[in-house]
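Note that this is a predicted model, so its numbers are computed, not measured. When a ligand or atom number is given, it counts from 1 through the structure's own listing order.
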Amino acid sequence: MMEDCILNREVRVAETQQTNGIEVLETREWLDSLDYVLSQGGPERAGRLLQQLALHARRAAGVNLPFTATTPYQNTIYSKAQPPFPGSQEMERRIKSLVRWNAMAMVVRANKIQEGIGGHISTFASAATLYEVAFNHFFHASTESGDRDVVYFQGHAAPGMYARAYLEGRIPKEKLENFRRELKPGGGLSSYPHPWLMPDFWEFPTVSMGLGPIQAIYHARFIKYLENRGLKTSTGGKVWAFLGDGEMDEPESLGSITLASRERLDNLIFVVNCNLQRLDGPVRGNGKIIQELEAIFRGAGWNVIKVIWGGDWDELIQADRDGLLLRRMGEITDGQYQKYFVESGAYFRQNFFGTDPRLLKMVEHLSDEQLARMRLGGHDPIKVHAAYRAAVDHTGSPTIILAKTIKGYGLGEAGEGKNITHQQKKLNDDELQIFRSRFGIPIPDGELHNAPFYRPSDDSAEIKYMQERRKQLGGYMPVRKVRATPLKPVSEALFEEFYKGTEGREASTTMVFVRMLSKLLRDPEVGPLIVPVVPDEARTFGMEALFRQVGIYSSVGQLYEPVDMATLLYYKEAKNGQILEEGITEAGSMCSFIAAGTAYANHGINTIPFFIYYSMFGFQRIGDLIWAAADMRCRGFLIGGTAGRTTLAGEGLQHQDGHSHVLALPVPNLLAYDPAFAYEIAIIVQDGIKRMYVDGESIFYYLTVTNEPLPMPEMPDQPGIREGILKGLYRYRTSEKKGAKLRAQLLGSGTILFEVLKAQAILEKDYGVAVDVWSVTSYKALYREANDCVRWNMLHPTQKPKVPYVTQTLKGASGPGPFIAASDYMKVLPESLAQWVPGKLVSLGTDGFGRSENRASLRDFFEVDAKHIVLATLHALAGEKPEKKDGEGVSAKLLEKAIRDLGIDPEKRNPAIS
Ligand SMILES: Cc1ncc(C[n+]2csc(CCOP(=O)(O)OP(=O)(O)O)c2C)c(N)n1
Ligand SMILES: [Mg+2]
């Protein structure tokens with residue numbers, strides 16, 4: 001209907017510009033006819049007729065109507081089509097005022113007590129109506145079928161959510177006092193939504209802008225995936241994402257919106273709070289953010305609902321028969337609209353309406369004061385309610401609501417609409433008084449100075465009303481809880497073949513992993529819960545057999561005959577397909593990983609994601625999403641494939657990863673492993689599933705796997721090997737060389753362990769050095785544990801000091817001698833352990849830019865191949881045992897000869913800076 005009226009008006013606007021009398025007459029006739037069709041056949045009939053007219057004009061004479069992705073600058077929902085408001089507007093206004101006050105007081109008080117502690121008043125102030133209407137009428141904590149809505153709250157609006165929870169009696173006043181003071185006795189409230197810090201309250205960390213919207217999209221899609229695969233039976237829940245208009249600048253905010261429309265995610269609703277401002281100033285001072293977003297989202301196939309003007313404008317808009325007002329509304333830029341927010345009614349009249357006497361006439365019955373108070377759509381509960389109702393009822397595509405608001409609404413001189421408002425954290429006594437009076441909070445002047453919190457008694461009408469509303473909607477929100485029950489451990493038998501090795505056959509650790517995944521997928525218990533996620537890299541990792549085995553998820557099945565249908569491993573898409581083939585988006589894939597890895601809490605389903613990707617495009621590309629996953633207590637396995645700077649041959653600088661294990665260090669609850677052998681992977685994955693899904697630990701895993709085919713050995717039969725693999729270090733081979741005068745300990749990880757084994761042979765055979773070889777599966781685990789011991793010792797000086805695992809284990813070396821550690825990652829990894837290694841530590845690693853070459857040349861270049869390990873060992877021995885008169889020890893001469901014999905060019909470039 002709206003579209004029809006818009007067209008009608010647009011034509012009338014055009015009509016005012018016509019000079020030719022016949023044209024005017026002709027246009028009138030057409031418009032009258034259209035009005036007749038509208039009155040007789042209704043808006044849909046009129047719409048069809050207009051489409052037919054356009055088609056006819058194109059066919060008959062090639063008339064192409066100009067394309068426009070936007071509609072005029074007015075509300076999408078026609079005022080007469082608004083549903084009645086289902087609650088008490090007055091009561092809800094009073095409740096909203098209480099929430100507003102406490103949200104503001106929380107920030108003001110926190111900054112009075114602790115200068116500079118920060119917080120945001122203006123964001124929630126502008127969004128209060130958007131939230132309150134949803135809390136009172138839309139957010140379902142549980143639906144009829146037992147499903148629920150999930151809500152991504154805008155991070156900076158957190159004070160509003162705390163204030164509401166306080167009024168609901170869920171957060172005590174003492175905690176509000178400790179907003180942003182989480183270490184205070186009794187605890188406090190985290191600045192923004194952080195499930196790690198408030199695991200019973202927040203579900204989604206949204207404050208790193210752009211991560212909320214992209215996650216919401218993939219979450220909504222994952223819900224459909226769960227339903228299509230029969231893992232989730234409850235239905236009807238919506239995913240709501242509350243976003244800032246400035247936040248929409250982030251590439252992540254817009255980057256996946258076509259997935260949402262392609263997948264017809266009508267369970268997804270974006271609400272963008274268009275307060276026209278970001279942190280520094282206007283979002284689009286010289287344009288209109290609402291129009292820009294409308295065009296983008298309409299173009300992408302979303303249902304767009306604009307909520308621009310409040311009810312105060314309805315009458316004027318209806319009286320705008322010739323479309324003058326509409327045209328004027330469309331002319332003004334956001335920067336100028338923002339100016340109206342801070343200016344007087346007289347300025348508004350003169351600047352906005354004053355351009356045309358007919359416009360001035362339209363508002364002559366309104367005083368300047370009334371004009372200044374004309375409400376915007378996002379502050380009008382009836383408009384907001386109508387938009388939400390339409391969004392919830394809409395089917396077939398996702399919806400975005402673009403609601404126009406004023407940043408810092410209610411702050412008046414203290415910041416309303418001003419460029420500084422985002423940073424406003426303090427209100428003086430006068431400003432507090434004005435805010436108090438504007439929202440009718442019963443706090444006397446004398447008590448205002450400290451901005452006290454205010455909560456009416458439990459039996460007050462306001463509290464009773466809000467409690468009743470939440471009861472009707474199934475409970476409080478936000479609430480985070482673990483809804484799944486623990487899994488049973490995966491059968492040991494599933495992993496046994498990997499303990500045996502490959503009996504001399506060559507296999508890469510990627511192949512090993514894929515075989516393990518394929519076995520896990522076949523397991524009757526755990527199989528259906530596995531969620532393989534790939535960003536268009538399955539063939540790279542040899543995973544194509546899984547296409548056929550479990551199918552690729554597609555919400556519509558397979559509507560075409562795949563070109564490789566006749567082959568065994570054809571590209572099979574299916575409605576109940578299990579693989580999430582995300583295409584070339586590591587960010588999107590990571591969001592699917594997160595949705596699957598948090599379903600144990602969000603949906604009570606223990607899905608176990610395995611995200612298999614090019615390790616180079618993980619931490620350094622989507623590190624912030626990995627950080628968010630950690631915050632969310634996400635479970636699952638990140639599998640960095642084609643890893644290792646020198647193990648990935650040919651690909652060069654932008655592909656060769658020699659630092660993801662360094663980038664994995666900062667993530668507190670992430671366990672990172674660089675395994676060398678099949679049995680190590682088996683032990684790690686088996687234990688990981690147990691720790692995450694049986695024991696319920698809030699951890700997740702990063703494993704690098706490589707594509708170098710190598711013979712996988714059998715797991716040595718030695719006590720404690722399992723524990724060693726998991727703790728990060730065990731002795732793989734003990735020297736059988738008896739009576740050697742020189743001894744050394746070699747540490748290797750990943751594929752470089754094979755170079756270490758070659759070096760051991762050379763050292764023993766050619767240089768008479770007895771060498772033990774150790775497999776280091778996780779430098780991160782060793783570093784953490786050692787740190788923990790040191791810290792404990794410092795804090796408990798009178799107790800028996802703890803000895804770090806790495807020290808204890810390496811002390812068991814078969815003799816003294818230096819420790820030489822080599823890996824395909826940066827030298828800093830082994831070096832991080834230097835102080836706990838019982839001897840001199842020399843680290844070899846792959847610092848520097850990669851380049852296209854074969855493995856042997858790369859390892860020579862980066863100095864991590866067997867010959868460089870040999871040289872580093874001899875050099876370390878020379879330092880420890882310089883040659884004595886009796887000829888024992890290692891001389892400089894010997895080193896020089898070794899360099900020659902090993903074929904090392906002493907003048908070669910330093911790879912770290914080449
Ligand atoms: C990735 C990222 N970059 C920068 C920031 C810092 N920041 C916090 S709020 C803000 C402005 C937000 O503007 P908008 O999205 O319009 O939200 P509003 O407060 O206006 O509702 C910025 C830049 C952030 N939180 N995340
Ligand atoms: Mg904004």
Contacts of Trp627 meeting ring-ring contact (aromatic ring centres under 6.0 Å, His included) (sequence neighbours excluded), chain-then-number -> none

Could you check whether the rings of Tyr702 and Tyr613 sit parallel, tilted or perpendicular, using 30° and 60° as the cut-offs?
parallel

Taking the six-membered ring for Trp, are Phe439 and Tyr409 parallel (under 30°), tilted (30 to 60°) or perpendicular (over 60°)?
tilted

For the Mg ion (ligand 2), what is the closest N, O or S atom on Asp245?
OD1

OD1 (Asn275) - the Mg ion (ligand 2) - O (Gln277) angle, nearest 10°
90°

Show the short N or O contacts, below 3.5 Å, that ligand 1 makes with protein N or O atoms; if there are none, say 'none'.
from: ligand 1; atom 1: 15 (O); to: Gly246; atom 2: N; distance (Å): 3.4
from: ligand 1; atom 1: 15 (O); to: Glu247; atom 2: N; distance (Å): 2.8
from: ligand 1; atom 1: 16 (O); to: Asp245; atom 2: OD1; distance (Å): 2.8
from: ligand 1; atom 1: 16 (O); to: Gly246; atom 2: N; distance (Å): 2.8
from: ligand 1; atom 1: 16 (O); to: Gln277; atom 2: O; distance (Å): 2.9
from: ligand 1; atom 1: 17 (O); to: Gln154; atom 2: NE2; distance (Å): 3.2
from: ligand 1; atom 1: 19 (O); to: Thr123; atom 2: OG1; distance (Å): 2.6
from: ligand 1; atom 1: 19 (O); to: Lys407; atom 2: NZ; distance (Å): 2.8
from: ligand 1; atom 1: 20 (O); to: Asn275; atom 2: OD1; distance (Å): 3.1
from: ligand 1; atom 1: 20 (O); to: Asn275; atom 2: ND2; distance (Å): 3.0
from: ligand 1; atom 1: 20 (O); to: Gln277; atom 2: O; distance (Å): 2.9
from: ligand 1; atom 1: 20 (O); to: Lys407; atom 2: NZ; distance (Å): 2.6
from: ligand 1; atom 1: 21 (O); to: Gln154; atom 2: NE2; distance (Å): 3.0
from: ligand 1; atom 1: 21 (O); to: Asn275; atom 2: ND2; distance (Å): 3.2
from: ligand 1; atom 1: 25 (N); to: Val207; atom 2: O; distance (Å): 2.9
from: ligand 1; atom 1: 26 (N); to: Met209; atom 2: N; distance (Å): 3.1

Are [X] and [Y] ion-paired here, with the side-chain N under 4.0 Å from a carboxylate O?
X      : Y      : result
Glu431 : Lys426 : no
Arg438 : Glu416 : yes
Arg148 : Glu203 : yes

Closer than 2.8 Å to the Mg ion (ligand 2), do we get an N, O or S atom from Glu247, backbone or side chain?
no

Take atom CZ of Arg375 as the centre, draw a 6.0 Å sphere, and report whether it contains more than 12 heavy atoms from other residues, nucleotides or ligands.
yes

